[in-house]
Student: 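Here's a structure for you.
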Amino acid sequence: MIDWKKLFSSFVFAFTGIISTFKSEQNFKIHTFISVIVIIFAIALNFSKERFVLLLIVIGIVLSLELVNTAIESAVDLITEKKHPLAKKAKDAAAGAVLVFSMFAVIIGILLFIEPLINSM
């Protein structure tokens with residue numbers, strides 16, 4: 001049987017995490033702002049359904065990685081306030097994951113937008 005109250009609570013916790021991250025993390029704000037701009041341009045260029053779905057997947061992955069990065073950084077900070085090489089390694093690796101996928105997201109974005117931009121001229 002589905003515990004609807006527990007299920008609803010899990011969604012509330014998830015949205016609280018997203019909102020909290022948006023309020024506290026500059027990079028999440030930047031990625032969210034860029035995502036909105038990119039979606040507006042995709043709509044203006046009348047993206048095909050396939051292009052739009054791929055764009056949303058890429059945006060979802062970038063924003064999700066930012067949330068995971070924030071979770072890792074917060075967990076590390078909770079465990080130790082002292083600077084420790086393993087704490088730095090964990091935080092740097094999490095940030096690196098965001099950076100790696102963000103670079104690929106830019107490449108994917110260029111590939112998605114180049115044809116519609118050329119055709120709109």
Student: Just verifying a value: how many Å separate Leu65 CG and Asn69 CG, rounded to the nearest 0.5 Å?
Tutor: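 Rounded to the nearest 0.5 Å, the CG-CG separation comes to 8.5 Å.
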Student: Quick one: side chain to side chain donor-acceptor pair (under 3.5 Å) pairs with a partner in residues 15-26, sequence neighbours left out?
Tutor: none
Student: Sequence neighbours excluded, which residues qualify as ring-ring contact (aromatic ring centres under 6.0 Å, His included) partners of Phe113?
Tutor: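 Partners of Phe113 under the ring-ring contact (aromatic ring centres under 6.0 Å, His included) test: Phe47.
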Student: Going by side-chain heavy atoms closer than 4.5 Å, which hydrophobic residues are tied to Met103, directly or by a chain of links?
Tutor: Leu99
Student: Kindly compute the distance separating CG (Leu63) from OG1 (Thr32), expressed to the nearest 0.5 Å.
Tutor: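 Rounded to the nearest 0.5 Å, the CG-OG1 separation comes to 5.0 Å.
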Student: Got a sec, which pairs hit ring pair (Phe, Tyr, Trp, His ring centres under 6.0 Å) with one end in residues 65-88, sequence neighbours left out?
Tutor: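 Residue pairs passing ring pair (Phe, Tyr, Trp, His ring centres under 6.0 Å), neighbours aside: none found.
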Student: Please answer: with hydrophobic residues joined when any side-chain heavy atoms are less than 4.5 Å apart, are Ile37 and Ile108 in the same cluster?
Tutor: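 Ile37 and Ile108: one cluster.
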Student: Could you work out, with salt bridge (charged side-chain N to carboxylate O under 4.0 Å, His left out) as the rule, every residue matching Lys88, not counting sequence neighbours?
Tutor: Asp92
Student: To which residues is Val76 joined in a hydrophobic cluster, defined by side-chain heavy-atom contacts under 4.5 Å among Ile, Leu, Val, Met, Phe, Trp and Tyr, whether direct or through other members?
Tutor: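 The other cluster members (ILVMFWY side chains, heavy atoms under 4.5 Å, direct or chained) are Val68, Ile72.
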Student: Give the minimum heavy-atom separation between Asn27 and Glu66, together with the two atoms involved.
Tutor: CB-OE2, 3.5 Å
Student: Does one hydrophobic cluster hold both Ile61 and Phe104, with members joined at side-chain heavy-atom distances below 4.5 Å?
Tutor: no
Student: Output all residues satisfying side-chain contact (heavy atoms from CB on, under 4.5 Å) with Leu7, sequence neighbours left out; order by chain, then residue number.
Tutor: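 side-chain contact (heavy atoms from CB on, under 4.5 Å) check on Leu7 returns Ile2, Trp4, Ser10, Phe11.
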Student: Given the rule that I, L, V, M, F, W and Y join up when any side-chain heavy atoms are under 4.5 Å apart, are Leu67 and Phe15 in one cluster?
Tutor: yes
Student: At their closest point, which heavy atom of Pro116 faces which heavy atom of Leu45, and how far apart are they?
Tutor: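 Scanning both residues, the minimum pair turns out to be O-CD2, 4.0 Å.
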Student: Give me each pair satisfying ring pair (Phe, Tyr, Trp, His ring centres under 6.0 Å) with a member in residues 18-46, each pair once, sequence neighbours excluded.
Tutor: none
Student: Going only through I, L, V, M, F, W and Y residues with side-chain contacts under 4.5 Å, is there a path from Val106 to Val100?
Tutor: no
Student: Lys91: what forms a side-chain hydrogen bond (donor to acceptor under 3.5 Å, both in side chains) with it, not counting sequence neighbours?
Tutor: Asp77
Student: Once rounded to the nearest 0.5 Å, what's the spacing between atom OG of Ser9 and atom CG of Asp3?
Tutor: 8.0 Å
Student: Working to the nearest 0.5 Å, report the span between CD1 of Ile34 and CD1 of Ile39.
Tutor: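 It is 12.0 Å, given to the nearest 0.5 Å.
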Student: Working to the nearest 0.5 angstrom, can you tell me the gap between Asn46 CG and Asn119 CG?
Tutor: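 It is 11.0 Å, given to the nearest 0.5 Å.
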Student: Is there a path of hydrophobic side-chain contacts, each under 4.5 Å between heavy atoms, that joins Val38 and Ile43?
Tutor: yes
Student: Sequence neighbours left out, what passes side-chain hydrogen bond (donor to acceptor under 3.5 Å, both in side chains) with Glu73? Give chain and number order.
Tutor: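 Partners of Glu73 under the side-chain hydrogen bond (donor to acceptor under 3.5 Å, both in side chains) test: none.
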Student: Taking side chain as C-beta onward, heavy atoms only, is Phe101 less than 4.5 Å from Val58?
Tutor: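 Side-chain contact under 4.5 Å: yes.
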Student: List the steps, then state whether side chain to side chain contact (heavy atoms under 4.5 Å, CB included) holds for Ile118 with Glu115.
Tutor: CA-CA 5 Å; Ile118 290 170; Glu115 185 181 328; 5.8 Å; no
Student: Answer yes or no: does atom NZ of Lys89 have more than 12 heavy-atom neighbours from other residues, nucleotides or ligands under 6.0 Å?
Tutor: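 Incorrect, the count does not exceed 12.
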Student: For Val36, what are the other residues in its hydrophobic cluster, where any two members join if their side-chain heavy atoms are less than 4.5 angstrom apart?
Tutor: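 Noted: Val36 shares its cluster with Ile40.
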Student: Using a side-chain heavy atom cutoff under 4.5 Å and only I, L, V, M, F, W and Y, what cluster partners does Leu111 have?
Tutor: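 Cluster partners of Leu111: Ile107.
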